[in-house]
Amino acid sequence: MNKYALYLASIITMSCISFAQAKENDPLFVKQDKYDSWLLSEYYNSVSLNTVAQSSPITVEIKPYGYSLSINVALDPKEKDFPATIEFDVGDFTTELKRIDQTNTYSATLDPMPSLTVINSLKENKNIILYLNNDKTVSISLNGMNKALDTMENFAKDHYIPLPPPFSSKIDVYATMSIPNIIPFDLYPVFRQQSYFNDVCKGKDGKKDKDQNKQDACKKDEILTTILKEKGFCSKENIQLPQSFMQNSKISYEWMECSKK
């Protein structure tokens, strides 16, 4: 199983955990903003949309990553009867969400084409309809969704977080750089950001640092390096001595596993 498949499996596993609130104690957490009926949670390596707590105890999470889209719904935990599946409808899009183990959470991870369809449907419609057991339906407002999706796309692009079509992604040397095998797939965006800000901080990228505050870049490099270290990955500086007095020493960095902080 490759890194991406493992990451998708982890999405489903994590769905068992309450997803209505951003984890502000998570070192990867950046911020959370409200857009009418929806909360946009931004992390250094992912983005997600959650319904704002309303009169209904039901919450919905929409989490895009790569070419896939995860839809998670948590029903009222006080309910006595949880069906094996529920139906998620928005516009012409319909999918079945399966109950995770014996929890109140339902989930589905969509392939690229269904992901494209549901994202467009979220932009074009006013409500999500959930079909529960005993013909019960719940309407979830999409007020604020378009603004949230636009903001999410811009944030993801700036942080090298891949999103499915119709979202666009940043394409540059950092987006296509080789990443050490020890780095897990979910930390790829963090590694790319750290590489970019490290280069800007050290003046290695003249074209990109003209409008970039060098001091700010160094601060972000430090934050991202610390996050990677907390996750168990450290860089070691290697100095290659010059072969003649006409050359300068070359410095390279090797990433390795280290003790988690």
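Residues take their numbers from the sequence shown, with the count starting at 1.
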Trainee: Just to verify, what does Asn143 make a side chain to side chain contact (heavy atoms under 4.5 Å, CB included) with, not counting sequence neighbours?
Mentor: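 Partners of Asn143 by the side chain to side chain contact (heavy atoms under 4.5 Å, CB included) criterion, ordered by chain and then number, come out as Asp36, Ser37, Ser141.
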
Trainee: List for me each residue that meets side chain to side chain donor-acceptor pair (under 3.5 Å) alongside Gln193, sequence neighbours excluded, and say none if there are none.
Mentor: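 Side chain to side chain donor-acceptor pair (under 3.5 Å) check on Gln193 returns nothing, list empty.
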
Trainee: Just by distance, do the side chain of Arg192 and the backbone of Ser195 share a donor-acceptor pair under 3.5 Å?
Mentor: no

Trainee: Does a donor on one side chain sit under 3.5 Å from an acceptor on the other, for Tyr196 and Asp172?
Mentor: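 No, no side-chain donor-acceptor contact under 3.5 Å.
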
Trainee: Check which hydrophobic residues are tied to Met256 through side-chain heavy-atom contacts below 4.5 Å, counting indirect links as well, and list them.
Mentor: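 Via sub-4.5 Å side-chain contacts, Met256 links to none.
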
Trainee: With sequence neighbours left out, what residues match Phe191 under ring-ring contact (aromatic ring centres under 6.0 Å, His included)?
Mentor: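 Applying ring-ring contact (aromatic ring centres under 6.0 Å, His included) to Phe191 gives Trp255.
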
Trainee: Can you list the residues that meet the salt bridge (Lys or Arg N to Asp or Glu O under 4.0 Å) rule with Lys78, with sequence neighbours excluded?
Mentor: none

Trainee: Are Thr95 and Pro114 packed together at the side-chain level, in the sense that at least one heavy-atom pair is separated by less than 4.5 angstrom?
Mentor: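 Heavy-atom side-chain distance check fails, nothing below 4.5 Å.
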
Trainee: Checking Asp89 now: which residues fulfil side chain to side chain contact (heavy atoms under 4.5 Å, CB included) with it, not counting sequence neighbours?
Mentor: Glu87, Thr94, Ile129, Tyr131

Trainee: To check you understand the geometry: which heavy-atom pair defines the closest contact between Val47 and Met152, and what is its length?
Mentor: CG2-CG, 3.4 Å

Trainee: Are Asn127 and Leu142 close enough that some pair of their side-chain heavy atoms sits under 4.5 Å apart?
Mentor: no

Trainee: Identify, with sequence neighbours excluded, every residue that meets side chain to side chain contact (heavy atoms under 4.5 Å, CB included) alongside Lys147.
Mentor: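 Partners of Lys147 under the side chain to side chain contact (heavy atoms under 4.5 Å, CB included) test: Tyr35, Thr151.
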
Trainee: Can you tell me if CG on Asp150 sees more than 12 non-hydrogen neighbours from other groups inside 6.0 Å?
Mentor: yes

Trainee: Using ring-ring contact (aromatic ring centres under 6.0 Å, His included) as the criterion, list what pairs up with Phe155, not counting sequence neighbours.
Mentor: His159

Trainee: Kindly indicate whether the side chain of Thr59, heavy atoms from C-beta on, has any atom under 4.5 Å from the side chain of Asn50.
Mentor: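 Answer no - side chains too far apart.
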
Trainee: Taking side chain to side chain contact (heavy atoms under 4.5 Å, CB included) as the test, write out the residues that go with Asn146, two or more places apart.
Mentor: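 Only Lys123 meet the side chain to side chain contact (heavy atoms under 4.5 Å, CB included) criterion with Asn146.
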
Trainee: According to salt bridge (Lys or Arg N to Asp or Glu O under 4.0 Å), who are the partners of Glu124, at least two apart in sequence or on a separate chain?
Mentor: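 Listed in chain order: nothing, the list is empty.
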
Trainee: Which Ile, Leu, Val, Met, Phe, Trp or Tyr residues join Met113 in one cluster when any pair of side-chain heavy atoms under 4.5 Å counts as a link?
Mentor: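 Cluster partners of Met113: Leu116.
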
Trainee: Can you name the side chain to side chain donor-acceptor pair (under 3.5 Å) partners of Asp135, sequence neighbours left out?
Mentor: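 Side chain to side chain donor-acceptor pair (under 3.5 Å) check on Asp135 returns nothing, list empty.
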
Trainee: Could you tell me if the ring centre of Tyr65 sits under 6.0 Å from that of Phe185?
Mentor: yes

Trainee: Angle class for the Tyr106/Phe82 ring planes (parallel below 30°, perpendicular above 60°, tilted otherwise)?
Mentor: tilted

Trainee: Under 3.5 Å, side chain of Asn104 to main-chain N/O of Leu75, donor-acceptor pair present?
Mentor: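 Yes, Asn104 side chain to Leu75 backbone: donor-acceptor pair under 3.5 Å.
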
